[in-house]
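Working notes, beginning with the structure itself.
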Amino acid sequence: MLDKIKTIREEVENITAANKEAVEQLRIKYLSKKGEISALMADFRSVPADKKKEIGQKINELKSFVSEKITQLKEAFEVSEDASITEIDLTRTATPVALGTRHPLSLVKKEILRIFESMGFTIAEGPEIEDDWHVFGSLNFPPDHPARDMQDTFFIGRNPVDVLLRTHTSSVQTRVMEKTQPPIRIVCPGRVYRNEAISARAHCFFHQVEGLYIDKNVSFADLKQVLLGFARQMFGPETKIRLRPSYFPFTEPSAEMDISCDICGGKGCAFCKGTGWVEILGCGMVDPNVLKACGIDPKVYSGYAFGMGIERITNLKYKVKDLRMFSENDIRFLKEFEAAH
Ligand code: DAH
């Protein structure tokens, strides 16, 4: 009897079936009332009492093995006969997935960096979470400067109080100068934070690109020429620039740069408030105190720096009036920049 069980098991292990009907035939052959397993059960009556346990177990095992095998075969046909699966049309066009577009600020940032890279600048980045030294101290801000006030700067945690969100990317200047000796020629893009009420004209975070060039004999004329080159590549070859004296703690002398209004061509309109000029950035010669603080000898080296807001440049280039549009992620707004890619 044990031999018989073994033979059936081997037989079943190797069976295959061509279709559903063949599987049904196999079921009848093995599992029906007149099938081979029922026949074994009938023979079981004549098994001597001391073998009943062993043989009984073997028959039960065989029965579950055969049922499982038949179920598997049956399922295989159920799946492959399912029309929706067997008739996949591999040549059909896939459902289109709508592609995103680059954010206008990313487009403008890329363009700014491309222009400066073409003039030999490399990109440097630094952390958004900073300390007082890198954002203010090293950059010649006096201890009581209003920018250090809670009103303008987001301080993080109480202890240590020296952790804050950078208010400008000028902090990256310090980080690079501390680690590298001149010549240094970098542009530093990044996000900055200020404690401002959000409105059409101000936001609590925005983006800047900082520039820094330190070498021997760097002059204000070098700065002016680089900025003129930038303005013409960014806003068109007819663009004019003018530098107005200004003040920043980290540069001396300091200036703000305007470009000729590209809406009225300099004649004066509502956009430039009748002046023919719009402001685009701050700049100046790096203050010797800053060089000294960062371990660079101001008797040997000099340099210039400039900083611009990416939102500001984007506003001028694409006439976006409300700063909030940049962070609302309204798809209708973002889609308008598809063509600018
Ligand atoms: N850090 C200034 C700001 O956030 C921008 C700036 C002005 C950067 C003059 C400079 C600079 O490097 O020379 O408003």
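The first residue of the sequence shown is numbered 1, and numbering continues consecutively from there. Please read all numbers here as calculations on a predicted model, not as lab measurements. Both counts, for ligands and for their atoms, begin at 1 and track the order of listing.
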Could you grab the distance from atom [atom1] of [X] to atom [atom2] of [Y], nearest 0.5 Å is fine?
X      : Y      : atom1 : atom2 : result
Gln208 : Ile313 : CD    : CD1   : 11.0 Å
Cys264 : Trp277 : SG    : CH2   : 10.5 Å
Asn289 : Leu139 : CG    : CG    : 11.0 Å
Ser46  : Lys52  : OG    : NZ    : 7.5 Å
Lys292 : Asp287 : NZ    : CG    : 9.0 Å

So if I count the atoms of ligand 1 from 1 in the order they appear, which ones are less than 4.0 Å from some heavy atom of [X]?
X      : result
Gly282 : 7 (C), 9 (C), 11 (C)
Gln173 : 12 (O)
Ser170 : 1 (N), 8 (C)
Gly284 : 13 (O)
Thr251 : 13 (O)

Step-by-step salt bridge (charged side-chain N to carboxylate O under 4.0 Å, His left out) determination, Arg175 to Glu130: CA-CA 11 Å; Arg175 290 205 170 262; Glu130 266 292 7; 2.7 Å; yes

With a 4.0 Å cut-off on heavy atoms, does Gln208 reach ligand 1?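 Per 4.0 Å heavy-atom rule, Gln208 contacts ligand 1.
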
Specify side chain, backbone, both or neither for Arg194, according to which of its non-hydrogen atoms lie closer than 4.0 Å to ligand 1.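 Arg194 to ligand 1: side-chain contact only, backbone stays beyond 4.0 Å.
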
Heavy-atom distances under 4.0 Å decide this one: backbone, side chain, both or neither, for Phe306 against ligand 1?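 It is the backbone that touches ligand 1; the side chain stays farther off.
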
So is there a nitrogen or oxygen of Glu210 less than 3.5 Å from a nitrogen or oxygen in ligand 1?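 Yes - when backbone and side-chain N and O of Glu210 are compared with those of ligand 1, one distance drops under 3.5 Å.
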
Quick one: does Ala305 get an N or O within less than 3.5 Å of an N or O on ligand 1?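 Yes, since at least one N or O of Ala305 sits under 3.5 Å from an N or O of ligand 1.
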
Taking atom types as modelled and ignoring hydrogens, do the side chains of Glu311 and His207 form a donor-acceptor contact shorter than 3.5 angstrom?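 His207 and Glu311 do have a side-chain donor-acceptor pair below 3.5 Å.
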
Which residue and non-hydrogen atom of the protein lie closest to atom 2 (C) of ligand 1, and at what distance in Å?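 Atom 2 (C) of ligand 1 sits closest to the protein heavy atom Phe250 CZ, 3.9 Å.
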
